[in-house]
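From a predicted model like this one, the values you see are computed outputs, not experimental measurements.
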Amino acid sequence: MLTLIFLTFVLGSGILLLKKPVQTKFVALISLLPFSIFLYLLSFLRSVKDGVNSVLYRSEWIPSLGINLDSKIDGLSLLFGLLISGIGTLVYLYATSYLRGHPLLHRFLSYLTIFMGAMLGVVTSDNLITLFVFWELTSISSFFLIGFNNEQEESRASALWALAITGLGGFFLLSFGVIVGAITSTYTISDLLTQSDVLKDSPFYLLIIVFLFLAAFTKSAQFPFHFWLPGAMKAPTPVSAYLHSATMVKAGVYLLARFTPILGGTMEWSTILLVVGGITMTYGAFHSVFRKDMKGILAYSTISALGLLVFLLGIGTEIALYAMAVFVLAHALYKAAFFLITGIVDHALHTRDITKLRGLKKYFPLLTVAAVIAALSSAGIPLTFGFIGKELIYESGLHYADYNLSLVLVGALFFTNVFLTGSGFLIGIKPFFGTPIKDYCISHKPDWRLIAPPVVLGFFTLLLGILPVIAYKEILLATFSAMNGAVVEMPLAIWHGVNTSLLLSGATIVLGTAVYFGFKCWNSSMNVVERFEGIAPKNIIAFIVEKFRQLAFRYTWVFHNGYLRSYLAVIIVFFIGLVGYKLFADVPLSVNTVGLSEFRTYELVVFLITVVAVVFAINTASRLTAIAATGVVGYCICLIFVFYGAPDLGMTQFAIDTLTTVLFLLVMFKLPAFLKLGNSKIQFRDAVIAISFGILISIITLQALVSPADKDISRYYAENVYTLAKGKNVVNVILVDFRGFDTMIEGIVLSIAALGVFSMLKYKDDEE
């Protein structure tokens, strides 16, 4: 499996080199890439469809850290993999016609292929760290897809918002993985199944699931992180159909489903998922009928569907998990069809305004059939696969253990489904029926590559609705078993008799139809909804982001204001605070002056010369005097080295100080006169910092005289300097042999600095 994903990335990168070939009529052949992956994944159905077995691939990456490129194919990963590759095949075919003639089609197909490989990596990864790597690759590749129309400011802004929100989720996913790995000593997801009790009993359990939830909620557009999804509708329609109906936005749902048998089943787990999922599904469903733009309707109905999936995971019963598996498949089929149909309408009429569209069945009869099937499945009409999913959804609420809470759950589900039914009719019924508008000007007649994908999706919606046993036996039983942790037979059927679920489904259809016919009334109330935009999550988060940006600007202005003295001051103050705290808090300070040598007259003279030179350097208005004074300080240090028996260091210091002084003179000779950029307050601050630093270094030096020294390192050098390096000067051998690479890099740095100095000396202004 890893080889397949790697080849997908290679092919995705290679498409960038095929700018001319993708502009030919043979570009549709590229859809064979996801189709071949689809066929390959189908070969695993026999291995996993009983819900007991799974296929594991082990591949070491960094075994010392427990990070491996392991893959696991079970019912859950296979369902998502088939959706990624199957719907991907249709989207590729669709995109080759939708973007036909686009000069950057090769770039689009490259992004799409890399995204597909990343999604396959997410759903098949069996290691927390590699899961995170693929997770981030989906965020990055989706950023390029959402912002594909980069000449439009709105597209760029939407892509940035999507990357920011999903990237934040990636941070929490990595944090989740690290904590889980630290507790269980493994990053392998399969092994975590045996560590469930360890994680649930851990004092960090709540933190673990919160990090996991934040990762999933940001990717799957849960409230209050949902707002990036409607903005992402600025992307081309193939992107919306692929990323925002069947793949990327369901990655968060997949993540929750994957860890349900490991971390689920607790009060904290269920409560958070029920609350967030319930708010998201009702909020999204309600808002979906207030939109005029077809993509806007689809965006909010998708948010609602994602919330519904999270809500079912929060219920957590066997029938709820089973309903979740069924609804993932049903929703992917009809929602992808909706997006593709919307793209065709927009492509042909250059409008997605639902109030300006009607009677299109006269122009697009086959497309009308596909749209109606998708709308009926969305509403849960019998003989569509959506009907099977909707009945199971109601069953999951009705069979909840707590009766009072069961009523609340069913009420929330009923409210959501009513509005989702209405929004589905707005997309699949309203544009195609009624009296056609006379001034329609169809600029682009859809070819078979545009029509075929929604028709195929409609066909499978009907096939699985009439023969649900196909989906049950082949994939859904295995998917449910992967989430449930055990195999429980729940055969799908079209008819279960007249029961509460059927009555609720009928009432949903009736009220959903009423919502559809009341669209004009609902739409006129849009002004009421817009009054609350100021407290919408997007505006609140944008406000927080702006305040954070202002804080960052002020922080930068204080600590990175362009003055070298400020940078040095920050570094030194931090050093004083950190080292000073550890010194006075943990070290028993004592000063022993017994071993110090007597103070000699010539040492006093050198000390006084140093003090006078420092005073001149910091007070003179002449650059030449300041350089000369610092040179005097350097020569005095040379004399101190000589006084205390280190003539080699004295000679080195003498050479370096002389060279530095000469270079300063050569470079600064051409600079303008001193500018007085400081004031008395800054000078006082710098003086306090300098004196404090000097006192701290003095205390450390005196303390070092009485502290026991570990001389193992110096003894090693003394004993091996000749035998290993054939040298007698320990310092030289250390610099050239034992730390030769350090010396080489330092030489490179000095060479670069010399080139910079030489360039400054040779520089001549054009005006001279």
Charged N to carboxylate O under 4.0 angstrom, R100 versus D447?
yes
Short side-chain to backbone donor-acceptor contact, T89 and F35, under 3.5 Å:
yes
Are Y98 and H347, when compared by the centres of their aromatic rings, separated by less than 6.0 Å?
yes
Close side-chain approach of P431 and V345, heavy atoms under 4.5 Å:
no
Quick one: does any side-chain atom of S304 pair with a main-chain N or O of M281 as donor and acceptor, under 3.5 Å?
yes
Between T138 and K219, is any side-chain donor less than 3.5 angstrom from a side-chain acceptor?
yes
Output yes when a side-chain donor or acceptor of S158 lies under 3.5 Å from a complementary backbone atom of S155, and no otherwise.
no
Side chain of S377, backbone of A374: donor and acceptor closer than 3.5 Å?
no
Does R449 reach the main-chain N or O of Y94 with its side chain, forming a donor-acceptor pair under 3.5 Å?
no
Under 3.5 Å side-chain donor-acceptor pair for K295 and T342
no
side-chain contact (heavy atoms from CB on, under 4.5 Å), that's the test. Do M324 and V328 meet it? Break it down for me.
CA-CA 6 Å; M324 178 263 177; V328 164; 3.8 Å; yes
Just to verify, what does D293 make a salt bridge (charged side-chain N to carboxylate O under 4.0 Å, His left out) with, not counting sequence neighbours?
R352
Looking only at side chains, do K20 and H106 share a donor and an acceptor under 3.5 Å apart?
no
Where the side chain of S31 meets the backbone of L93, is there a donor-acceptor pair that is under 3.5 Å apart?
no
Roughly how far, to the nearest 0.5 Å, is CE of M119 from OG1 of T124?
10.0 Å
Looking only at side chains, do D353 and T355 share a donor and an acceptor under 3.5 Å apart?
yes
Rounded to the nearest 0.5 Å, what's the gap from OG on S97 to CG on L450? Could you check?
3.5 Å
Does S220 use its side chain to pair, donor to acceptor, with the backbone of V253 at less than 3.5 Å?
yes
Give the intermediate values and the outcome of side-chain hydrogen bond (donor to acceptor under 3.5 Å, both in side chains) for residues T368 and K362.
CA-CA 9 Å; T368 301; K362 175 181 177 181; over 6 Å; no
By salt bridge (charged side-chain N to carboxylate O under 4.0 Å, His left out) - contacts of K234 (at least two apart)
E154
Begin from the C-alpha positions of L492 and V469 and carry the test side-chain contact (heavy atoms from CB on, under 4.5 Å) through to its verdict.
CA-CA 6 Å; L492 295 178; V469 66; over 6 Å; no
Given 3.5 Å as the limit, does a donor-acceptor pair link the side chain of W228 with the main chain of T218, or not?
yes
Do F223 and Y283 have ring centres separated by under 6.0 Å?
yes
Would you say the side-chain atoms of D74 pair up with the backbone N or O of S77, donor to acceptor, closer than 3.5 Å?
yes
Is it true that the side chains of T113 and Y92 contain a donor and an acceptor less than 3.5 Å apart?
yes
Spatial distance of atom CD1 (I494) from atom CZ (F387) [nearest 0.5 Å]:
8.5 Å
Can the ring centres of H331 and F338 be said to be less than 6.0 Å apart?
no
Is the Lys NZ or Arg CZ of R291 less than 6.0 Å from the centre of Y300's six-membered ring, within 45° of the axis?
yes
To the nearest 0.5 Å, what is the distance between CG on L137 and CD1 on I5?
10.5 Å
Flag, side chain of T166 to backbone of S139, donor-acceptor distance under 3.5 Å
no
Does a side chain donor of either K390 or T508 reach within less than 3.5 Å of an acceptor in the other side chain?
no
Intermediate values then yes/no, side-chain contact (heavy atoms from CB on, under 4.5 Å), L413 and F311:
CA-CA 9 Å; L413 291 170; F311 191 75; 3.8 Å; yes
Given the side-chain rings of F115 and F144, with only the six-membered ring counted for Trp, is the space between their centroids under 6.0 Å?
no
